[in-house]
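The residues of the chain are indexed from 1 along the displayed sequence. Because the structure is a prediction, the values reported are computed rather than measured. Below, all heavy atoms of this structure are taken into account, side chains as well, without hydrogens, waters or symmetry copies.
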Amino acid sequence: MAQTDDASIGTGSSRADLGDFKTLEQFILEQQDRFPHSTGAFSRLLRDISLAAKIVNRDMRKAGLIDIYGATGETNVQGEVQQKMDALAHREFVLALRRGGECCLIGSEEHAEAIPLDTSAEGDGKYIVLLDPLDGSSNIDVCVSVGTIFSIYRLPDGYDEDEPDLDAALQPGTKQIAAGYVVYGSSTMLVYTTGNGVNGFTLDTSIGEFLLSHPNLTTPKTGRIFSINAGYYHSFDDGLRSYLDWLQEYDEDDPNRPAKTRYIGSFVSDFHRNLLKGGIYMYPATKSSPEGKLRLMYEANPMAWIAEQAGGRATDGHGRILEKSPQKLHQRTPLFIGSEEMVRRAEAFLQGDPERAVAVES
Ligand code: FDP
């Protein structure tokens with residue numbers, strides 16, 4: 001068991017003062033100041049998202065005490081059982097974005113069609129937000145970490161923000177202008193990128209602020225963790241099965257083998273752990289999900305950009321996730337994401353060339 005310094009417990013001396021940390025709001029404003037022509041609309045949009053995340057966090061922490069555990073009795077557009085918290089999180093994000101007025105179109109995993117917002121009252125309404133309001137929600141009833149994933153695009157030229165064509169949301173991941181996630185775990189963290197590195201903020205619930213706890217996050221070039229639902233092993237293709245076997249072999253010259261398996265079954269949480277510690281998360285095509293299970297627009301694209309910005313890699317096994325051109329909002333994709341060397345190795349196995357050199361400079 002880890003040793004604790006008893007003298008510091010309860011004295012406040014082990015707790016950081018607010019002065020040590022930047023709040024998310026301060027950080028966003030600082031970034032905004034770097035662009036002299038910025039109108040502040042994007043900063044306000046991020047603030048709206050972080051506010052909704054705080055509300056979802058609050059409700060989640062009380063979920064066992066009020067009637068928001070369990071299923072709604074509905075299925076979502078994916079045909080999956082909708083949890084009450086899924087519906088509640090969807091509603092909170094839509095309300096926050098509607099109130100803020102900076103977003104003209106929302107695509108949500110919990111809603112069949114993109115949702116146009118009335119932008120006449122407030123804000124510029126130049127942004128499109130795609131989100132998975134509550135990822136891993138089948139874990140809520142058993143107190144396991146879940147998350148929110150979001151992805152922001154600009155409304156392309158030629159579209160009217162008052163009546164945006166729903167197709168405006170169908171942009172490749174390379175067009176994202178921000179992507180992030182919130183993990184509601186043993187603590188709540190918001191991690192995001194605008195293409196200038198990745199920064200992580202931990203929620204201090206006593207003051208209701210996200211504080212910059214993980215500036216300039218980078219992910220290890222390789223790692224020892226692999227995350228996959230091994231229950232589907234027999235429906236994986238030969239290349240993937242060989243890679244999984246290779247990971248589990250003992251090799252006295254390789255400190256990372258045999259690798260360790262860690263699978264929470266909550267993508268945000270699995271991704272977050274691997275980002276910090278080094279590892280690979282895989283959700284391939286299977287017999288029951290021939291196109292994979294994860295959603296390109298709500299899950300794969302935002303996490304792929306964060307992974308790349310942190311020095312990692314994301315592929316569907318054949319090409320870069322961010323370059324996939326979306327055909328529909330709820331499109332699925334196979335996903336292999338995480339430490340660069342591990343993802344490159346997975347690609348080599350999947351493409352039938354396991355001997356291909358993959359080592360990368362650390
Ligand atoms: P969930 O269905 O609980 O929302 O994309 C959804 C997801 O969870 C991921 O968070 C998770 O990694 C995956 O599905 C788990 O699927 P399996 O149960 O098939 O492993």
>> Quick check on side chain to side chain contact (heavy atoms under 4.5 Å, CB included): which of Leu244, Val343, Asn229 does Met282 satisfy it with?
In response: Leu244

> How far does CD1 of Ile49 sit from CD of Glu102, to the nearest 0.5 angstrom?
Replying inline: 11.0 Å

> Do the charged groups of Lys324 and Asp316 touch, with an N to O distance under 4.0 Å?
Replying inline: yes

> Are the charged groups of Arg320 and Glu323 less than 4.0 angstrom apart, N to O?
Replying inline: yes

> Do Asn139 side-chain atoms and Gly265 backbone N/O form a donor-acceptor pair below 3.5 Å?
Replying inline: yes

>> Just checking Tyr281 against Phe267, ring centres under 6.0 Å apart?
In response: yes

>> Within the supplied structure, the quantity of interest is the number of heavy atoms (other residues, nucleotides, ligands) at a distance under 6.0 Å from Glu113 CD; does it exceed 12?
In response: no

>> Ring of Phe226, cation from Arg262 - is the NZ or CZ under 6.0 Å from the centre and inside 45° of the axis?
In response: no

> Which pairs pass side chain to side chain donor-acceptor pair (under 3.5 Å) with one or both residues in residues 164-184, sequence neighbours excluded?
Replying inline: Thr148-Tyr184, Ser151-Gln176, Tyr181-His272

> Is any NZ, NE, NH1 or NH2 atom of the basic residue among Arg313 and Glu347 found under 4.0 Å from an Asp or Glu carboxylate oxygen of the other?
Replying inline: yes

>> I need the Ile177 CD1 to Lys126 NZ distance, nearest 0.5 Å.
In response: 12.5 Å

> Which heavy atom of Phe93 sits nearest a heavy atom of Pro133, and at what distance?
Replying inline: CE1-O, 4.3 Å

> Looking only at side chains, do Thr194 and Asn196 share a donor and an acceptor under 3.5 Å apart?
Replying inline: no

>> With a 6.0 Å cut-off (strictly less than), is the heavy-atom count around CZ of Arg47, excluding the residue itself, greater than 12?
In response: yes

>> Working to the nearest 0.5 angstrom, can you tell me the gap between Glu30 CD and Leu212 CG?
In response: 9.0 Å

>> Measuring from atom CG of Leu97 to atom CD1 of Ile128, what distance do you get when rounded to the nearest 0.5 angstrom?
In response: 12.5 Å

> Are the ring centres of Phe201 and Phe210 closer than 6.0 Å?
Replying inline: no

> Linking Ile, Leu, Val, Met, Phe, Trp and Tyr by side-chain heavy atoms under 4.5 Å, what else ends up with Ile55?
Replying inline: Leu51

> Counting N and O atoms only, with roles assigned by atom type, does the side chain of Thr219 sit under 3.5 Å from a partner on the main chain of Ser339, one being a donor and the other an acceptor?
Replying inline: no

> How long is the gap from CG on Leu350 to OH on Tyr243, to the nearest 0.5 Å?
Replying inline: 9.0 Å

>> Between Gln32 and Ser43, do the side chains contain a donor N or O and an acceptor N or O under 3.5 Å apart?
In response: yes

> If you group Ile, Leu, Val, Met, Phe, Trp and Tyr whenever their side-chain heavy atoms sit less than 4.5 Å apart, what else falls in with Trp305?
Replying inline: Leu322

> With distance as the sole criterion, is a donor-acceptor pair present between the side chains of Thr222 and Arg345 under 3.5 Å?
Replying inline: no

>> With a 6.0 Å cut-off (strictly less than), is the heavy-atom count around CD of Glu355, excluding the residue itself, greater than 12?
In response: no

>> To the closest 0.5 Å, what do you measure between NE2 (His111) and CG (Leu329)?
In response: 11.0 Å

>> Against Leu211, only a single residue in Asp204, Leu24, Thr202 fulfils side chain to side chain contact (heavy atoms under 4.5 Å, CB included); can you say which?
In response: Asp204

> Salt bridge between Arg295 and Glu109, side-chain N to carboxylate O under 4.0 Å?
Replying inline: yes

>> Just by distance, no angles: are the side chains of Ser227 and Asn274 close enough, under 3.5 Å, to form a donor-acceptor pair?
In response: yes

